[in-house]
Number of protein chains: 2
Amino acid sequence: MLDPSTQRPAVGIRDVAALARVSPTTVSNVLSGNRRVSAATRERVHWAIDQLGYRPNLSARNLRVRRAGLIAVAVPEIGVPYFAELIGHVVQAARERDYTVLIDQTEGRLEAERFVLSGMNPGMVDGILFSPLGIERVEYENRRDSTPLVLLGERISGGGVDHVAIDNVAAAADATRYLIERGGRRIAAIGHQEREGGGTAPQRTRGYRQALDAAGMSYDPGLVVPTSKYHRRDGALAMAALLDRGTRPDAVFCYSDLVALGAIHTLRERGLRVPEDVAVIGIDDIDEGRYSTPTLTTITPDKVAIARTALELLFDRIADGSREPRQIVVPHSLTVRRSA
Amino acid sequence: MLDPSTQRPAVGIRDVAALARVSPTTVSNVLSGNRRVSAATRERVHWAIDQLGYRPNLSARNLRVRRAGLIAVAVPEIGVPYFAELIGHVVQAARERDYTVLIDQTEGRLEAERFVLSGMNPGMVDGILFSPLGIERVEYENRRDSTPLVLLGERISGGGVDHVAIDNVAAAADATRYLIERGGRRIAAIGHQEREGGGTAPQRTRGYRQALDAAGMSYDPGLVVPTSKYHRRDGALAMAALLDRGTRPDAVFCYSDLVALGAIHTLRERGLRVPEDVAVIGIDDIDEGRYSTPTLTTITPDKVAIARTALELLFDRIADGSREPRQIVVPHSLTVRRSA
DNA sequence: TAGGATGCGTGCAACGTTAAACTGAGGTGT
DNA sequence: ACACCTCAGTTTAACGTTGCACGCATCCTA
């Protein structure tokens with residue numbers, strides 16, 4: 001173990017410079033590669049660097065170059081697998097560009113979401129990937145801060161902000177259509193959000209209705225059950241509520257995989273077979289669904305594409321703050337497993 | 001939308017000071033609360049601050065006060081629910097202390113783990129929570145960097161480093177003993193790691209053997225199957241391998257919940273009933289296990305306690321770099337559900 | 001009423017880095 | 001022989017904060 005009293009007195013670029021008998025600037029140039037440095041000098045500098053174990057102080061560098069090398073990802077909850085998996089991809093893609101990722105967990109608190117919109121701590125992050133929950137659309141539109149921001153998973157029709165998402169209406173319609181094709185006649189939808197003003201839920205409900213219409217099936221509001229969040233628990237409770245009020249759907253379209261897994265849990269507890277009695281489909285394609293019982297049929301958004309595209313958009317905007325905002329739609333597909 | 005050409009020219013503390021007709025120092029004091037400022041002045045400063053939408057530049061502040069307000073959490077993978085949930089708790093607890101959390105994903109790459117040990121980017125983080133995977137014990141012991149570091153989930157018997165973990169030997173013994181009590185006679189263990197040199201796997205294997213011994217049961221190496229990682233997939237493959245070689249355990253102790261869920265997946269695919277034919281127990285108590293089919297019996301580590309204790313240790317060490325390293329054991333318990 | 005404490009504010013320097021301007025030695029072209 | 005360029009380095013001045021030492025009223029106490 002390192003002797004604790006050895007409080008290393010923060011070796012700085014000047015120490016390296018002194019040891020290598022050059023100026024700090026030269027050391028800086030060796031590190032950044034910004035200017036030519038003779039091979040001999042470069043060698044000496046490198047030698048001095050690991051002689052002293054020097055590592056540049058990023059706070060200082062960032063202060064100087066006005067770049068933090070940090071981007072924030074703000075999501076409602078890291079514990080939700082979809083976000084966890086997405087963040088994993090983001091972290092990986094960010095590393096390829098020498099960026100580090102910092103996590104902010106809003107838990108849907110409005111105050112936390114506003115903080116995100118206001119650019120978090122200025123000078124601390126170069127940009128923000130934001131998956132909003134409760135915040136209203138208008139707030140994006142007159143945000144004062146100029147920190148580059150990319151919205152994830154939201155469709156802001158107004159379009160003043162960069163964003164990347166799947167086509168939620170189409171995704172929901174695809175899911176519902178699949179349930180219809182395999183024989184669903186009373187198809188429930190779990191995960192609607194009453195709250196107006198954007199969010200993906202209304203879009204998914206729209207897609208659900210579109211597919212019903214297209215098949216000439218009538219829309220029964222009694223089959224649509226809202227949930228406040230998208231946890232397993234919400235799915236389980238919603239499903240229970242549905243059954244308790246005597247409704248017996250033969251298929252269920254869930255607005256997230258977690259909700260679907262919760263619903264399945266309840267169904268099996270009540271002795272109903274999935275998919276024989278009730279077929280269940282979700283959205284997200286989290287790894288869990290590949291191993292659950294039964295395995296989960298779901299809509300697969302291209303998470304890697306979402307992560308990479310979002311970062312591309314973000315770095316693009318960091319480079320040029322004034323370009324037109326873009327809304328990018330990432331492909332999704334249907335993954336058929338056992339639950340439907 | 002904000003006019004993009006309005007590149008806000010980074011309002012600084014001096015602008016605020018000018019508008020409020022005070023010195024920058026006074027503004028700083030208002031913000032930090034470090035020194036008394038008269039009510040009238042404070043008011044004027046606050047007015048100026050939101051007049052200009054001023055937000056302090058953290059890079060500059062950090063450079064000055066040598067505190068980044070940032071801690072890093074380095075884990076193998078964020079997509080693994082146990083880590084995702086743990087990080088969620090860490091983020092929450094960190095916020096209470098005005099710290100932000102930055103994520104590093106090592107993916108078990110040695111190079112990435114070394115980078116973590118070397119303090120990541122100096123001046124960028126005040127401390128590190130590290131859940132190592134591949135790195136050898138000796139590397140902790142002569143690490144050069146002095147960035148405060150707390151190890152998660154590892155038991156480094158040498159003890160030169162702060163760490164917090166459950167008692168892995170006891171946890172494994174508890175799990176195994178429970179399987180024995182409910183009638184297990186041929187108890188497999190999935191998740192052993194051949195690699196010597198620490199890591200939690202050997203400890204769990206030790207606990208497993210202890211429980212067997214205590215019950216007077218013999219240890220059959222053929223029932224212990226190693227996995228390279230702790231994913232669902234690894235559990236599924238290991239279970240398949242076990243069955244394929246004709247071994248039919250009546251109970252399985254899995255070294256993580258994910259492994260357990262993978263094992264269950266395979267068992268059901270092969271037409272075996274859980275828990276009637278084979279009982280399965282895991283470790284971690286991830287949310288998934290509350291809703292899986294069947295619900296998962298598991299060892300529950302107190303994740304909140306782990307997060308909070310780790311942060312406490314970390315802040316403690318940040319405050320006093322020379323105090324003796326401490327190893328803290330966090331309680332765990334047995335949570336009985338349906339799978340065993 | 002002198003002497004010290006206290007309250008509130010200011011100016012200066014520094015944190016560790018890098019961009020920009022500068023220096024000087026040597027080479028090149030006319 | 002002179003102007004001009006290039007190369008490899010140095011010097012200087014910030015980047016935006018905050019800690020420290022100080023200044024100057026005002027208030028208390030003997």
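Heavy-atom basis, side chains included; hydrogens, waters and symmetry copies ignored. A, B, ... follow the sequence lines: proteins, then strands. Residue 1 opens every chain.
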task: Mind calculating the distance between CG (B:Asn62) and C1' (D:dG16) to the nearest angstrom?
output: 11 Å
query: Hey, does the side-chain of B:Thr25 have a donor or acceptor N/O within less than 3.5 Å of a partner on the base of D:dG19?
result: yes
message: Checking contacts here: which listed nucleotide (D:dT17, C:dT17, C:dG16) is nearest the side-chain heavy atoms of A:Tyr54?
response: C:dT17
message: Regarding B:Arg14, tell me which of base, sugar-phosphate or nothing describes its non-hydrogen contacts under 4.0 Å with the strands shown.
response: base
message: Assuming nearest nucleotide by heavy-atom distance, tell me which of B:Pro24 and A:Asn29 is located more 5' along DNA chain C.
response: B:Pro24
- request: Could you point out which residue of B:Val45, B:Leu31, B:Asp15 forms a side-chain contact (heavy atoms from CB on, under 4.5 Å) with B:Tyr54?
  value: B:Leu31
- prompt: OP1 or OP2 of C:dT10 sitting under 4.0 Å from any side-chain N/O of B:Thr26?
  reply: yes
query: Within the structure shown, what part of the strands sits under 4.0 Å from A:Asn34 by heavy-atom distance: base, sugar-phosphate, or nothing?
result: sugar-phosphate
task: Would you please confirm or rule out a distance under 4.0 Å between OP1 or OP2 of C:dC15 and any side-chain N or O of B:Arg61?
output: no
field: CZ/B:Arg14: more than 12 non-hydrogen atoms of other groups inside 6.0 Å
entry: no
message: Rounded to whole Å, please give me the gap between CG in B:Leu31 and P in D:dT17.
response: 9 Å
- request: Using atom CZ of B:Arg67 as one end and atom P of D:dG19 as the other, report the distance to the nearest whole Å.
  value: 12 Å
field: Gap between atoms CE and P, on A:Met124 and D:dG16 respectively (whole Å)
entry: 17 Å
- request: Please report, rounded to the nearest Å, how far the C1' atom of D:dT17 is from the CZ atom of B:Arg64.
  value: 7 Å
- request: Could you tell me whether the phosphate oxygens of D:dC7, OP1 or OP2, come under 4.0 Å of any side-chain nitrogen or oxygen in A:Arg36?
  value: no
field: Atom-to-atom span, CD1 of A:Ile13 to P of D:dT10 - whole angstrom
entry: 12 Å
- request: Select one nucleotide: of C:dG16, C:dA19, C:dG9, the one nearest the side-chain heavy atoms of B:Leu63.
  value: C:dG16
task: Round to the nearest Å and state the distance from A:Arg55 atom CZ to C:dG16 atom P.
output: 16 Å
- line: Which of A:Arg326, A:Gln327, A:Arg317 passes side-chain hydrogen bond (donor to acceptor under 3.5 Å, both in side chains) with A:Asp162? Answer is A:Arg317
- request: Starting at atom CG of A:Asp15, determine the distance to atom C1' of C:dG16, rounded to an integer number of angstrom.
  value: 10 Å
query: Base, sugar-phosphate alone, or nothing: which one does B:Ser38 contact when heavy atoms must sit under 4.0 Å apart?
result: sugar-phosphate
query: Looking only at side chains, do A:Thr26 and A:Ser23 share a donor and an acceptor under 3.5 Å apart?
result: yes
field: Polar contact flag, side-chain donor to acceptor under 3.5 angstrom, B:Thr106-B:Asp104
entry: no
query: Hey, which of these two, B:Arg35 or B:Ser32, hits DNA chain D nearer its 5' end, going by closest nucleotide?
result: B:Ser32
